Amino acid sequence: MLKTFPLNSRAKTTALKQPKELFSFARDEQGEYVLDEVKEKYLSYYYFPDSYVEKQIDLAAGFSQFKKIPEEDNLGDFDAYLRAIMNYERQENENKKLNVDIVTFRGLMTKILALPYNLKDPIDLNIVAFDGQLFIKADEEIELRRRQQQQQSQSGDLQQYDYSRRCEYSGYKFETIATLPKPWAECSRQMIESRTKKQVSNYQQYLSVVKTGIGKVKLLVAGEVDCLWDYIPEDNKDILPHYVELKTSRALENPSHIVNFQKKLFKTWAQSFLLGVRKIIYGFRDDNLILRSVEIYQTDEIPILIKDNPVKEQDKHESINCMNALKWYGAVIEWIQQSVPIDDESKAYRLSYDPGSRSFALHELLTDENKRLRNGGILTQEFKDWRNAIKS
Ligand code: 0WD
Ligand code: CA
């Protein structure tokens, strides 16, 4: 079976459900996953007074001490995600399975949502149906190979390679200097002021798991959240409005910077929108990776910002429109739901976008591949046993 989906497909309406966080989990400094007291222990707090910009903070400082998780351990861990789902179903959902149609990571949906304006970026996702739900995960082998190739292609120009590694580092460095592990009032002055010297690591990660929907399809998406704007609300009140996405970008000094930034802002909008994160904070750095300014954006004002400021690349196609991307995303999700038989556990599928041929397609995988995905590749024995045990 091969089904292609035209790139100009758009849903007529995009009925969106308000995202709601169901639970959260985290990865700790050792790379182990944690399910308990996650918010108290792993959520950090934004704290960066405007005046700190004057300190001319070097976002490349400490680069050689970067504690970076190996790529192969950072591919979006379905094992841990499924364990967190089981934990929720057992402890908070009365041993009932979650009422969703699709289970996936936010980053993967970002790629689909942003595709209309990122036609050069390939997508390769695997899909299996199990227990009346679809589980969607990046193909690890392809993803890893792609990241290695990207690194290799850059490594020809050592100077450029080194610079792009430093830029990557600067993003994590910005997170380190702009957040606190506890609320401000519980932090010592020393703790606040020594942040510029703190070792930077990308092991620790807080993940929010949110139920959302588009059209008739209900999705469960797990995504990384960088920090809180203010505090954890009491009495189980909606925490999503308190979350912040942190980013870094080149300070805007000429029209080409602005064009690039708009593309980044669009992707960041897609990423934040999908999880229901309402605030985005950008740290702008110069070519020497010195932090020059910090800007706060409301996620829901970005579509208007982009629409009202349509800086176009010369000779380039249409300008970015967030609502147009949303209609594409709605159409794709509906198409996946209609095309993958939900009750057939003998098959698995690959959803792929090939920039060369510009084709977006779904095809059936071979039997061996299906076996692999159902036995550890996506689904785990533990999760299958759990779901079979609670079947009514
Ligand atoms: O394609 C994906 N969804 C990937 C997921 C690619 C690589 C990693 N992951 C992992 C994440 O590390 C996390 O454990 O999956 C989990 C869930 O992530 P998500 O929220 O679905 O992923 P996404 O929205 O793509 O990225 C969130 C963060 C990034 O923050 P920024 O501000 O850069 O968008 O996950 C990290 C990064 O901190 N991240 C990566 N770190 C290193 N290399 C990468 C990468 N290729 N991709 C995402
Ligand atoms: Ca971020």
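It should be emphasised that the depicted structure is a prediction, and the values quoted were computed from it without experimental measurement. Remember, it's 1-based here, ligands and their atoms both numbered in the order they're listed.
Heavy-atom contacts of Gly76 reach the following atoms of ligand 1: 9 (N), 10 (C), 15 (O) (cutoff under 4.0 Å). Heavy-atom contacts of Leu246 reach the following atoms of ligand 1: 32 (O) (cutoff under 4.0 Å). For ligand 1 and Leu108, the ligand atoms under 4.0 Å from any heavy atom of the residue are 1 (O), 2 (C), 3 (N). Near Leu207, meaning under 4.0 Å from any of its heavy atoms, are these atoms of ligand 1: 16 (C), 17 (C). Interface atoms of ligand 1 facing Lys247, defined by a heavy-atom separation under 4.0 Å, are 31 (P), 32 (O), 34 (O). Ligand 1 places these atoms under 4.0 Å from at least one heavy atom of Glu245: 32 (O). Of all the atoms in ligand 1, the ones that sit under 4.0 Å from a non-hydrogen atom of Asn74 are 7 (C), 8 (C), 9 (N), 11 (C), 12 (O), 40 (C), 41 (N), 42 (C), 43 (N).
Residue pairs that meet the ring-ring contact (aromatic ring centres under 6.0 Å, His included) test with at least one member in residues 123-151, sequence neighbours left out, are Phe135-Phe383.
For ligand 1, the polar-atom distance check finds an N/O of Arg106 within less than 3.5 Å of one of the ligand's N/O atoms. The shortest N or O to N or O distance between Gly223 and ligand 1 is not below 3.5 Å.
Of the candidates Glu224, Gln205, Gln271, Glu140, the one placing a heavy atom closest to atom 13 (C) of ligand 1 is Gln205. For atom 22 (O) of ligand 1, the nearest non-hydrogen atom from the set Ser272, Gly107, Ala222 comes from Gly107. Closest heavy-atom approach to atom 7 (C) of ligand 1 within the set Arg147, Glu143, Lys111, Glu71: this belongs to Arg147.
Between the side chains of Lys279 and Thr299, no donor-acceptor pair is found at a separation under 3.5 Å. When only modelled atom types and interatomic distance are considered, Asn324 and Tyr117 share a side-chain donor-acceptor pair under 3.5 Å. Between the side chains of Tyr206 and Tyr243, at least one donor N or O sits under 3.5 Å from an acceptor N or O.
The side-chain tip of Lys55 points at the ring of Tyr52 from less than 6.0 angstrom away and within 45° of straight on. A cation-pi geometry, defined here as NZ or CZ lying under 6.0 Å from the six-membered ring centre and within 45° of its normal, holds between Lys67 and Tyr203.
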Residues Glu245, Thr268; criterion side-chain hydrogen bond (donor to acceptor under 3.5 Å, both in side chains); working and verdict: CA-CA 8 Å; Glu245 172 64 38; Thr268 307; over 6 Å; no

Derivation and outcome, side-chain hydrogen bond (donor to acceptor under 3.5 Å, both in side chains), residues Asn87 and Arg83: CA-CA 6 Å; Asn87 191 57; Arg83 259 184 278 132; over 6 Å; no

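Of the candidates Asn74, Asn202, Asp77, Asn74 is the only one forming a side chain to side chain donor-acceptor pair (under 3.5 Å) with Arg27.
Within a 4.0 Å radius of atom 26 (O) of ligand 1, the protein contributes one or more non-hydrogen atoms. Proximity of atom 48 (C) of ligand 1 to the protein is not indicated, since no non-hydrogen protein atom lies closer than 4.0 angstrom.
Checked against side chain to side chain contact (heavy atoms under 4.5 Å, CB included), Ser357 has the following partners two or more places apart in sequence or in another chain: Asp354, Ser359. Every residue meeting the side chain to side chain contact (heavy atoms under 4.5 Å, CB included) condition with Gln18, not counting sequence neighbours, appears here in chain and number order: Arg278.
Between atom CG of residue Asp58 and atom NZ of residue Lys173 there is a gap of 7.5 Å, rounded to the nearest 0.5 Å. For the atom pair Gln262 CD and His257 NE2, the distance stands at 14.5 Å (nearest 0.5 Å).
Ring centers of Phe284 and Tyr282: under 6.0 Å apart, within the cut-off.
At the top of the distance list for atom 37 (C) of ligand 1, counting protein heavy atoms only, stands Tyr172 OH, 3.6 Å.
At a 4.0 Å cut-off, not a single heavy atom of Ile69 sits close enough to ligand 1 to count as contact.
Protein contacts to the Ca ion (ligand 2) involving N, O or S atoms at a distance below 3.0 Å are Asp226 OD2, Glu245 OE2, Leu246 O.
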